[in-house]
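To start, the structure under review is shown below, and the notes come after it.
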2 protein chains.
Amino acid sequence: MVSDAPPPDLLAILERAGCRDTAPRRAIVSLLEQKQEGFTLEALSDELPSVGRATVYRTVKLFQEAGAVCKLATINGSHIYSLCGVGHHHHHTVCVECGAVEEFRVDAVERLIGEISADIPGEVISHRLELYVNCHSCPASKGK
Amino acid sequence: MVSDAPPPDLLAILERAGCRDTAPRRAIVSLLEQKQEGFTLEALSDELPSVGRATVYRTVKLFQEAGAVCKLATINGSHIYSLCGVGHHHHHTVCVECGAVEEFRVDAVERLIGEISADIPGEVISHRLELYVNCHSCPASKGK
DNA sequence: TAAGGATTGGTACCGAATATCACTAAATGT
DNA sequence: ACATTTAGTGATATTCGGTACCAATCCTTA
């Protein structure tokens with residue numbers, strides 16, 4: 001149920017997009033590939049003092065467009081980014097305590113949306129579903 | 001299926017919150033109560049030149065906290081606000097062409113989320129679901 | 001190795017929203 | 001009715017997340 005999709009090959013994505021092979025992009029990629037959790041671009045940029053803010057934002061946006069990074073809403077309305085498997089529609093759980101993001105895909109959701117569509121005025125083009133959880137693996141959620 | 005919940009009584013909400021009865025708030029309320037669609041605070045503020053920006057933002061935030069106004073993500077990541085019925089969990093459709101917002105509630109969604117919860121690591125606290133549609137009642141969507 | 005376009009990064013800028021704070025107006029007590 | 005108190009207001013400054021700009025620099029390829 002919870003997807004264990006392999007992390008996307010970011011370098012391959014860059015190559016496919018016809019991007020040049022540069023040091024800043026390599027730095028961003030290798031940091032991104034270690035990310036298990038949701039992150040902010042602010043923080044990402046801070047972790048890469050040798051790379052300019054603009055380049056970090058630009059590069060992540062590129063991955064976003066390629067579907068390798070998703071921008072999610074947290075429960076309080078702010079945004080976090082998360083690496084995610086490419087090529088399949090999916091949703092996310094976001095831990096309200098630690099911000100950990102898990103990707104999941106449940107066919108029942110897609111099926112249900114399909115059924116609902118018939119009763120919705122207009123044509124359903126896409127949807128967004130986020131579950132907010134206590135992830136039970138972060139200290140803050142322990143024992144709750 | 002699509003909810004026809006009566007619009008919330010905004011003045012009553014203010015009163016319940018212990019707010020004073022002031023001209024700026026009345027102006028905001030009467031404008032808000034006419035809103036059938038999603039709106040931006042920017043636009044709302046522009047329609048009320050006699051009321052300060054800060055007051056518009058503050059007052060809408062108050063309604064947000066009371067659950068009478070929801071802040072939704074559009075498909076492109078920007079935000080719109082929408083009046084909505086208080087007191088029951090619901091979701092929204094957002095027309096990608098004209099921005100019209102409809103509120104809906106389908107028990108099947110809640111039931112499904114409940115079922116999924118069992119398979120999600122951690123405890124599901126809440127969720128967010130948005131459907132993006134062509135609403136078929138705006139000119140831009142016509143004939144598609 | 002020189003030319004030429006992509007990339008970079010510092011900075012300015014943008015839109016959305018909040019903080020500040022002196023001023024004003026509503027409620028309350030007398 | 002008036003003074004007092006306290007919430008509310010609004011002009012402005014500031015923050016936050018993100019994008020635009022642009023001269024300098026780096027890849028690539030010929």
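Owing to the predicted nature of the structure, the values given are computational and were not obtained by experimental measurement. Letters A, B, ... mirror the listed sequences (proteins, then strands); counts begin at 1.
- When rounded to the nearest whole Å, the span between CG of A/L62 and P of D/dT19 equals 12 Å.
- Residues B/D21 and A/A23 both approach DNA chain C. Their nearest nucleotides, taken by heavy-atom distance, put A/A23 toward the 5′ side.
- Using a 4.5 Å heavy-atom cutoff, the side chains of B/I125 and A/L131 are not in contact.
- A salt bridge links B/R128 with B/E130: the distance from a Lys NZ or Arg NE/NH1/NH2 to an Asp or Glu carboxylate oxygen falls below 4.0 Å.
- Atom CD of B/Q64 and atom C1' of C/dT18 are 13 Å apart (whole Å).
- Separation of atoms CG (B/L72) and OH (B/Y81) is listed at 10.0 Å; rounding is to 0.5 Å.
- Nucleotide D/dC27 holds its P atom 14 Å from the CG atom of A/L14, rounded to whole Å.
- Residues B/L48 and B/V60 share a single hydrophobic cluster, defined by chaining ILVMFWY side chains whose heavy atoms lie under 4.5 Å apart.
- Comparing D/dT19, C/dT18, C/dG10 against the side chain of A/Y57 picks out D/dT19 as the nearest.
- Across all strands, B/S50 comes closer than 4.0 Å only to sugar-phosphate atoms, never to a base (heavy-atom distances).
- Between the CZ atom of B/R26 and the P atom of C/dA26 there is a distance of 10 Å, rounded to whole Å.
- Candidate nucleotides C/dG9, D/dT9, C/dA16 were compared by shortest atom distance to the side chain of B/E42, and C/dA16 ranks first.
- Taking only side-chain nitrogens and oxygens, B/T22 never comes nearer than 4.0 Å to OP1 or OP2 of C/dA25.
- Between A/H90 and A/H92, the ring planes are perpendicular. Angles over 60° get that label, and only those under 30° would be called parallel.
- A distance-only check finds a donor-acceptor pair linking the side chain of B/T59 to the backbone of B/T55 [under 3.5 Å].
- A salt bridge does not link B/R20 with B/E15: none of the charged nitrogens is closer than 4.0 Å to a carboxylate oxygen.
- One finds a side-chain N or O of A/K61 lying less than 4.0 angstrom from the OP1 or OP2 phosphate oxygen of D/dT19.
- Atom NE2 in B/H79 sits about 12 Å away from atom P in C/dT18, given to the nearest Å.
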Review item, nucleotides 3-7 of chain D N/O atoms under 3.5 Å of protein N/O:
residue: D/dT6; atom: O2; partner: B/R20; partner atom: NH1; Å: 3.2
residue: D/dT6; atom: O2; partner: B/R20; partner atom: NH2; Å: 3.3
residue: D/dA7; atom: O4'; partner: B/R20; partner atom: NH1; Å: 3.3
residue: D/dA7; atom: O4'; partner: B/R20; partner atom: NH2; Å: 3.2

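- Contacts of A/S45 with the nucleic acid, taken as non-hydrogen atoms under 4.0 Å apart, are absent.
- If you measure from atom CD of B/E15 to atom C1' of C/dA27, you get 13 Å, rounded to the nearest angstrom.
- Residue B/R58 places a side-chain atom within donor-acceptor reach of the base of D/dG10, judged by atom type and a 3.5 Å distance cut-off alone.
- If you check distances only, the side chain of A/R53 never reaches the base of C/dG10 with a donor-acceptor pair under 3.5 Å.
- Taking the side chain as every heavy atom from C-beta outward, B/T74 and B/H79 never approach each other to under 4.5 Å.
- The CG-P distance, from A/L44 to D/dG18, rounds to 11 Å in whole Å.
- Rounding to whole angstrom units, CG of residue B/N76 and P of D/dG18 are separated by 14 Å.
- Using a 4.0 Å cut-off, no side-chain N or O of A/K71 falls inside it from OP1 or OP2 of D/dG17.
- For C/dA17, the OP1/OP2 oxygens have a side-chain nitrogen or oxygen of B/Y81 closer than 4.0 Å.
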